[in-house]
Amino acid sequence: MAERIALIGGTGKEGKGLAFRWAQAGYDVVIGSRQVEKAQIAADELNQLLGNIKNPVTGLQNLQAADWCDIAVLTVPFAAHQAILTELKDCLNGKILIDVTVPLVPPKVTKVQFPPAGSAALEARDILGEGIQVVSAFQNISYERLMDEGDIECDVLVTGTSKDARKIVLALVEKAGMVGWDAGPIENSVVAEGMTSVLIGLNSQYGIHNAGIKITGINRE
Ligand SMILES: NC(=O)c1ccc[n+]([C@@H]2O[C@H](COP(=O)([O-])OP(=O)(O)OC[C@H]3O[C@@H](n4cnc5c(N)ncnc54)[C@H](OP(=O)(O)O)[C@@H]3O)[C@@H](O)[C@H]2O)c1
């Protein structure tokens, strides 16, 4: 468990939630932001919640965080996706990028709308090129679930540019208290990305915050 994890855009809801889970599990975690002061404030907030842990969370600018890490996790609104990946590309060479971005187009967030590349994850792959493994995960996990204690009642579909990279990310999913599935190549990320709009729609129809998905019929023992 040697991974150093940087949350790019980690001052936001989803990034902070994932940082909380991995810091709790003992990983070395950095929050990235466009402003280092904002990153440090978010890291301090998490450390208050986490209490006495082995590796307290720290805050850096996104570029420094991407440089420092083994695994970068991108949690920014889709409107920022292309620009931030282009900016971080050189720092990420030889590493894994986990893309959590959902290509939501406000205000119609309950309607599935994909970008010209086909999906957010495919756009990331096209921008980053062959030197960086892109894995897509966590699109169906709401930040509110991440900040609760205990296991999460929603599965994680993990797709990516290589089986080895997916395996590494599946271990991170498990350490964060979730059930993950190897859902195949990065092209399959459309399923999880599109599902988010469906879940947001169900949340709104039923007045809830926690609609989720479960794979059934497989005995994992
Ligand atoms: N929220 C959820 O429950 C959830 C669940 C699943 C997936 N997601 C996906 O995860 C991603 C992040 O969601 P979120 O709710 O955490 O978003 P958010 O809170 O709105 O934003 C996350 C962070 O992105 C950074 N950011 C915003 N605009 C930027 C820009 N133009 N350039 C660079 N950075 C920018 C900000 O960090 P700084 O200002 O510190 O730089 C912000 O704190 C989205 O793609 C979302 O669809 C969210």
Side-chain angles (χ1 to χ4, degrees), residues 6-22 30-46 57-66 72-89 91 97-115 117 119-124 127 134-148 152-159 169 173 176 178 180 189-204 208-213:
L7 284 300
I8 307 300
T11 55
K13 301 177 278 298
E14 187 75 359
K16 239 195 292 189
L18 288 167
F20 176 73
R21 290 271 166 167
W22 284 320
V30 156
I31 295 283
S33 167
R34 288 168 292 181
Q35 299 165 52
V36 68
E37 299 80 10
K38 194 174 166 186
Q40 283 160 351
I41 290 168
D44 289 347
E45 281 170 17
L46 284 175
V57 180
T58 51
L60 290 174
Q61 270 192 341
N62 284 328
L63 207 61
Q64 278 75 45
V73 185
L74 185 58
T75 55
V76 296
F78 183 66
H81 190 248
Q82 201 171 1
I84 201 149
L85 285 168
T86 306
E87 184 189 340
L88 299 183
K89 179 177 176 179
C91 295
L97 176 93
I98 305 178
D99 200 351
V100 185
T101 311
V102 182
L104 297 177
V105 186
K108 296 207 165 173
V109 294
T110 57
K111 177 175 157 183
V112 178
Q113 299 180 77
F114 288 117
S119 71
L122 288 172
E123 182 176 273
I127 293 169
V134 177
V135 177
S136 168
F138 302 111
Q139 289 85 358
N140 305 144
I141 307 292
S142 102
Y143 77 97
E144 288 167 271
R145 290 172 181 268
L146 292 169
M147 296 307 289
D148 285 343
I152 293 176
E153 275 288 296
C154 176
D155 290 357
V156 179
L157 299 179
V158 177
T159 60
V169 175
V173 171
M178 288 164 257
S189 175
V190 290
V191 176
E193 292 183 31
M195 181 60 70
T196 303
S197 288
V198 175
L199 295 176
I200 294 171
L202 290 172
N203 281 340
S204 148
I208 55 168
H209 299 280
N210 54 1
I213 58 155

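Each ligand, and each atom within it, is numbered from 1 in the order the structure gives.
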Where [X] and [Y] come nearest, the two heavy atoms and their spacing:
| X | Y | value |
| --- | --- | --- |
| Ala43 | Val57 | CB-O, 3.6 Å |
| Leu7 | Ala19 | CD2-CB, 3.8 Å |
| Ala176 | Trp22 | CB-NE1, 3.7 Å |
| Ala65 | Val30 | CB-CG1, 3.7 Å |
| Thr11 | Ser33 | CG2-CB, 3.6 Å |
| Met178 | Leu146 | CE-CD2, 3.6 Å |

Nearest-neighbour protein heavy atom for [atom], which is reported as residue plus atom name and distance:
| atom | value |
| --- | --- |
| atom 11 (C) of ligand 1 | Val76 O, 3.4 Å |
| atom 22 (C) of ligand 1 | Thr75 O, 3.4 Å |
| atom 43 (O) of ligand 1 | Thr11 OG1, 2.7 Å |
| atom 10 (O) of ligand 1 | Val100 O, 3.9 Å |
| atom 47 (O) of ligand 1 | Val102 CB, 3.4 Å |
| atom 21 (O) of ligand 1 | Pro77 CD, 3.7 Å |
| atom 2 (C) of ligand 1 | Glu14 OE1, 3.2 Å |
| atom 23 (C) of ligand 1 | Gly9 O, 3.4 Å |

What atoms in ligand 1 come closer than 4.0 Å to a heavy atom of [X]?
| X | value |
| --- | --- |
| Thr101 | 45 (O) |
| Phe138 | 6 (C) |
| Ser33 | 38 (P), 40 (O), 41 (O) |
| Ser142 | 3 (O) |
| Gly12 | 16 (O), 19 (O), 22 (C), 43 (O) |
| Lys38 | 38 (P), 39 (O), 40 (O) |
| Ala80 | 29 (C), 30 (C), 31 (N), 32 (N), 33 (C) |
| Lys13 | 15 (O), 16 (O), 18 (P), 19 (O), 20 (O) |

In Å, rounded to the nearest 0.5 Å, how long is the span from [atom1] of [X] to [atom2] of [Y]?
| X | Y | atom1 | atom2 | answer |
| --- | --- | --- | --- | --- |
| Arg21 | Lys16 | CZ | NZ | 15.5 Å |
| Asn140 | Glu193 | CG | CD | 10.0 Å |
| Ile41 | Leu46 | CD1 | CG | 12.5 Å |
| Thr75 | Ile98 | OG1 | CD1 | 10.5 Å |

Over 12 non-hydrogen atoms of neighbours within 6.0 angstrom of CD in Glu153: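 For Glu153, atom CD is not crowded (no more than 12 foreign heavy atoms under 6.0 Å).
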Atom CD of Gln61 with >12 non-hydrogen neighbours under 6.0 angstrom: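 Yes.
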Any N/O pair Gly32/ligand 1 closer than 3.5 Å: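 No: no nitrogen or oxygen of Gly32 is under 3.5 Å from one in ligand 1.
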Distance-only N or O hit between ligand 1 and Asn140, under 3.5 Å: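 No, no N or O pair falls under 3.5 Å.
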The one among Arg34, Glu87, Glu193, His209 that brings a heavy atom closest to atom 36 (C) of ligand 1: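 Minimum heavy-atom distance to atom 36 (C) of ligand 1 goes to Arg34.
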Ligand 1-proximal atoms of Thr196, by part, heavy-atom distance under 4.0 Å: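 Neither part.
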Matching residue for Ser197 among Leu104, Val109, Val105 - test: side-chain contact (heavy atoms from CB on, under 4.5 Å):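 Only one of Leu104, Val109, Val105 forms a side-chain contact (heavy atoms from CB on, under 4.5 Å) with Ser197, namely Leu104.
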Sub-4.0 Å heavy-atom contact, Gln139 with ligand 1: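 Yes, that is the case, since the closest heavy atom of the residue is under 4.0 Å from the ligand.
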